[in-house]
Amino acid sequence: MPLGTSSSAVYIQNVPAGTHSSQPRTPTLVTLHPVALFSILDHYLRRMDDQARVIGTLLGVRNDSGEVEVRSSYAVVHNETDELVAVDMEYHRTMYELHHRVHPREVIVGWYSTGSNLNTYSALIQNFYTQETAPHPAIHIALNTGVEEGHQPGVKAYVSSPVGVHPKPENCVFVPVPCEFRFHDAERSGLDLLTSNSSSPLSDLDTLAESLQTVSAMLDRVLGYVRSVLAGEVKGDPAVGRYLMDTFGADTGELEKGGFRDSLQDTLMVSYLAELVRSQAEVSARLALVTAS
Amino acid sequence: MAAAPSMAAALAASLPAPQAAPAPAAPTYEAIPASMAKVIDIEAEIPVTTVQLDGIVITKIIKHSREAPSATAHGLLLGLDLDGTLEVSNSFPLPLHGGGDDDDKSTKSVARYQAQMLRSLKEVQSDDSVVGFYQASTMGAFFSQALIDTQAIHQDKLRHGGIVVVHDITQTARGNAAFRAFRLTKSFLDAFKKSNFSTPSLIDHQLTFSTILEEIPVEIRTNALLSSFLNTLTTPTPSPLPDASPAEASTSSLPPSFSNLNLGAIGVVRNLEQVNDALDSYRTEEGNLAYLQRQIAREKSRADAYVAKRKEENASRVAQGLAPLPEEDVSRLFKIPPEPSRLESMLLLGQVDAYGKSLAGITSAGLVKMYAAKANSDI
C-alpha cells in the first residue's frame with residue numbers, strides 16, 4: 001500500500017559491489033505505522049506560529065531484508081533561522097529513554113519533517129541522525145500535509161549518501177526509497193472507526209450490517225455490469241469476467257452438506273450457554289444482597 | 001495482583017493536587033468572552049457527560065494494547081474538559097510493573113517516568129493535564145482490583161474525577177474497535193472509602209457488579225488535518241502503468257476491508273475456557289467466604305451460649321440468695337472475626353458476566369453471518 005501519489009518510477013539503489021557482511025544493508029523499503037503518521041500530523045497542528053516545519057525522531061525496527069518498519073515517532077524541539085539550525089539533543093535523548101522503557105524493541109531509525117523541501121539544514125539534521133543510528137543508515141521521512149496550495153498530501157522516504165570528493169556534513173544526496181503504509185490486521189478496525197462517518201463506536205451487529213450493505217451494493221454494481229454486457233450495450237472485458245468467475249465460483253459445498261446445520265446447532269448452544277451464565281451471575285449478585293436481611 | 005497498590009501509590013504520588021493550576025492568578029488575564037463564559041468552569045462544576053477520543057489516542061491505545069506482552073497494557077490520558085465534554089487529545093503508555101520485590105523502587109521510577117513524560121510533552125505544546133487512564137482487556141472482562149484502585153485514586157485527585165477508558169483487544173481483532181469509558185459510581189466510592197464491603201454495607205449501597213461503574217458515552221473525533229489525510233489514503237489512485245490488470249488498475253493506501261464478514265468464529269473456544277476459569281475462581285472465592293461465614297456463626301453461637309449459661313447461673317444464684325456473678329465482656333473472651341469483604345467475589349461475578357456477554361456477542365454475529373453465507377443456496 002503506497003503512500004501518496006504513485007508513480008511508475010523505478011527505485012534504484014546503489015549497492016556496493018560484493019556483499020560486505022560487516023556493512024548493514026541500505027534500506028530498500030520503509031513502512032510507516034498509523035501511530036507514527038498520526039503523531040506527525042498532530043505535532044504539525046501544535047507547532048508554533050513562526051515554525052515553518054516541525055521535525056521529530058522516528059522509532060522502529062529493522063529486519064534483515066533491508067526493510068525498516070517505523071512504528072512510532074515523537075516530536076523534537078528545533079529552531080531554524082536563516083543563519084542556523086538547532087536541535088534540542090537533550091530533549092531527543094530524554095524522550096528516547098522514556099520511550100525505550102515501554103517499547104524496548106524500538107530503536108531510533110531516522111527522523112521526519114513536514115513539508116517537502118530538502119535543504120542544507122535537512123542535510124545537517126540528517127548528519128546528526130546518522131550518528132544516532134550508526135552503523136545503520138538513517139532514514140528521512142518527508143510528510144507533506146497538503147495544506148499548502150499546489151502540494152499533494154503524501155509521504156516520501158529517503159536515505160542519504162555523501163556527495164563530493166571531500167564529504168561535508170552539509171552536503172548530501174537524498175535518495176528516495178519506497179514507502180508504504182503498514183499496520184497489523186488486528187489494528188485495522190481502529191482505522192475503520194476513524195474513517196467511518198459515525199462519531200461513536202458501533203456495536204458488533206451494526207458494523208456487520210454496514211459491511212453487508214456495502215457488499216450488497218457491490219453485488220448490484222456487478223450485476224448491472226453483467227446485464228449490460230449480456231444485453232450487448234457494453235463490450236465485455238475478458239479479464240473482468242475471469243475475476244468474477246474466480247470470485248463467485250467459491251466452493252460452499254461443505255456448508256451445504258449438513259455442515260450448516262451442525263454449526264448452527266453449535267452456535268445456538270453456545271449462545272444459550274452464554275445467556276444462562278449471564279442470568280445466573282445476575283441472580284447470584286442479587287442474592288448476595290438479600291441473604292443477610 | 002501484587003503490583004496493584006503500588007501502581008496506585010505511584011499515581012497518587014505523581015498527580016498534581018487538584019485545583020493547583022489556577023491558583024497563582026496572574027493579574028493580567030484577558031476577560032473571558034461572553035460566549036465562552038458559560039462553558040468555562042474553573043471550579044469544575046459542569047459534570048462530564050461525554051468523552052471525546054482523538055484519532056491519535058485511538059491508534060496509540062490499539063498499538064500499545066496489541067504489543068504489550070499480556071493484557072495489562074495501561075497508560076495515561078491527557079486532555080481538557082469543555083462544557084461537559086472531556087476531550088482526550090493525547091495519551092502515553094506506562095511501563096509494566098516488575099515483580100513484588102522492588103516494589104517501592106519501581107513505584108518511584110514509574111512516578112519519575114510520568115513526571116518526566118508530562119514535562120517533555122509540555123515542551124512541544126502538547127496537552128499535559130492528566131484526565132484519566134486507559135486499560136486493555138480481553139473478551140470484555142476488565143473488572144479487576146487494580147483498575148478499581150487506580151480509578152478510586154484518580155477520582156479523588158483529578159479534576160472531574162477522571163475517567164477510565166477500556167479497550168477490548170479481542171473485539172478489535174474481530175473487526176470492531178471497542179472503546180468504552182467509565183467512572184466509579186458514588187455509592188461504590190462511598191463504600192470503597194470506608195473500605196467496607198461486608199454484606200450489610202453492600203445492601204446499604206445497593207451494590208452489585210453492574211453498579212460499580214457507570215458508563216459515559218464515547219465520541220470519536222478526527223481533526224480536520226487527520227481526516228483530510230485519511231481521505232487521501234482511502235481514495236483509490238489509478239495505476240500509472242498503461243495496461244494494468246483489473247486487480248492493480250487502481251490502488252489505495254487503505255482499501256476497504258471486510259474482515260468482520262469472516263465466517264470463522266474466532267476465539268469461541270478461548271472464550272468458553274475463560275468463562276469456565278472465571279466460574280471456577282468465583283466458586284473458590286465463594287467457598288472461602290462461606291468458610292469465614294461459618295466461622296463467624298460458630299464463634300457467635302459459642303458466645304451466645306456462654307452468655308445464656310452465665311445468665312442461667314446468675315438466676316439460680318439469685319434464687320439461692322447469693323450475689324450474682326459479674327457479666328463479663330463477651331467480646332474479650334471470644335474473638336469474632338470481622339465480616340469478610342465481598343469485593344473480590346463481586347468483581348469475579350463481573351468478570352463472569354463480561355465473558356458471557358462477549359460470548360453472546362460472538363454467537364449472535366456468527367448467526368447472522370451464517371445465514372448470510374447460506375442465502376446463496378436454498379435453505
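Per chain, numbering begins at 1; letters A, B, ... match sequence-line order. Note that this is a predicted model, so its numbers are computed, not measured. Computation of the quantities below employed the complete heavy-atom set of this structure, encompassing side-chain atoms and omitting hydrogens, waters and symmetry-equivalent molecules.
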So how far is it from [X] [atom1] to [Y] [atom2], rounded to the nearest 0.5 Å?
X	Y	atom1	atom2	result
B/Leu279	A/Gln280	CG	CD	9.5 Å
B/Gln116	A/Leu98	CD	CG	5.0 Å
A/Leu193	B/Leu53	CG	CG	9.0 Å
A/Thr94	B/Arg119	OG1	CZ	8.5 Å

Under the side-chain hydrogen bond (donor to acceptor under 3.5 Å, both in side chains) test, which residues partner B/Ser109, sequence neighbours left out?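 If we apply the side-chain hydrogen bond (donor to acceptor under 3.5 Å, both in side chains) test to B/Ser109, skipping adjacent residues, the hits are A/Arg101.
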Going by side-chain hydrogen bond (donor to acceptor under 3.5 Å, both in side chains), name the residues that satisfy it together with A/His92, two or more places apart in sequence or in a different chain.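 Listed in chain order: A/Thr57, A/Tyr74, A/Glu132.
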Top contributor to chain A interface from B/Val368, B/Leu121, B/Thr363 [non-hydrogen pairs under 4.5 Å]: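 Counting heavy-atom pairs under 4.5 Å, the top option is B/Thr363.
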Name the option with the most non-hydrogen atom pairs under 4.5 Å to chain A; the candidates are B/Arg221, B/Glu219, B/Lys357.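 Option with the top pair count is B/Lys357.
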Please look at [X] and chain A and tell me whether the side chain, the backbone, both or neither of the residue comes under 4.5 angstrom of a heavy atom of that chain.
X	value
B/Glu67	side chain
B/Met346	neither
B/Tyr282	side chain

Do A/Asp42 and B/Leu226 come close enough that some side-chain heavy atom pair is under 4.5 Å?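 A side-chain contact under 4.5 Å is absent here.
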Among B/Ile56, B/Ile62, B/Thr59, B/Ile58, whose side-chain contact (heavy atoms from CB on, under 4.5 Å) with A/Pro34 holds?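 Looking at B/Ile56, B/Ile62, B/Thr59, B/Ile58, the match for A/Pro34 under the side-chain contact (heavy atoms from CB on, under 4.5 Å) is B/Thr59.
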For A/Ser189 and B/Thr172, indicate whether the former's side chain and the latter's backbone hold a donor-acceptor pair under 3.5 Å.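 Yes; at least one donor-acceptor contact below 3.5 Å.
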